[in-house]
Amino acid sequence: MIRKKSLKIILAVLLFIVIGSFGMIIEKFEKDSFIVETVTQDEYADGTAQGAGGVTDDGRININTATADELIELDGIGEKLAQRIIDYRVENGDFDVIEELMLVAGISEKTFAQISDKICVE
């Protein structure tokens, strides 16, 4: 009778150890697999959010994700216009088509024509 009781205790302890180890492995996997980064509205608005950037593989500027510094690289776009573009997309959401850029105050048809082949929306 004592033997059965001891065996049950040993099995219970082993089961506890196995379940505990499995739980620790799952917890480690979850921590290492999912990294969530929060971005404030200000970081998104000024283009400083981690991962923000808008230069595509073919060298065009994605006006939906470009930072102010990237937008300034476009002909006719200075600091003020770059900030207006960022402000516009924060207030109105992403641009659906590149022509929508002309809705930003200060972007004329002439300016748009100079940069249209250098920009995209994705």
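Within the 4.5 Å cutoff, the side chain of I63 has no heavy atoms near those of the C120 side chain. Residues T65 and E70 have side chains not in contact (no heavy-atom distance under 4.5 Å, counting atoms from C-beta outward). At least one side-chain heavy atom of L74 sits under 4.5 Å from a side-chain heavy atom of I119.
For the pair I98 and S116, the tightest heavy-atom approach, listed with the atom from each and the gap, is CD1-O, 3.7 Å. In terms of heavy-atom proximity, D75 sits nearest to K118 at OD2-NZ, 3.5 Å. For A82 against I72, the heavy-atom pair with the smallest separation is CB-CG1, 3.9 Å.
Considering OG1 of T67 and CD of E73, their distance stands at 9.0 Å, rounded to 0.5 Å. Atom CD in E79 sits 8.5 Å away from atom CG in D69 (nearest 0.5 Å).
Residues meeting the side-chain contact (heavy atoms from CB on, under 4.5 Å) test with K80, sequence neighbours left out: none. Contacts of D58 classified as side-chain contact (heavy atoms from CB on, under 4.5 Å), with partners at least two apart in sequence or in another chain: T56, R60.
Linking ILVMFWY residues whenever their side-chain heavy atoms come closer than 4.5 Å, directly or via other members, places I86 and V55 in the same cluster. Taken together through direct or relayed side-chain contacts under 4.5 Å among Ile, Leu, Val, Met, Phe, Trp and Tyr, V121 and I115 form part of one hydrophobic cluster.
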Considering only distance and modelled atom types, tabulate donor-acceptor pairs under 3.5 Å from the side chains of residues 99-111, sequence neighbours left out.
unit_1, atom_1, unit_2, atom_2, d
E100, OE1, D96, N, 2.8
E100, OE2, Y88, OH, 3.3
S108, OG, K110, N, 3.4
S108, OG, T111, N, 3.1
S108, OG, T111, OG1, 3.2

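Judged by distance alone, the side chain of N64 and the main-chain N or O of F95 form a donor-acceptor pair under 3.5 Å.
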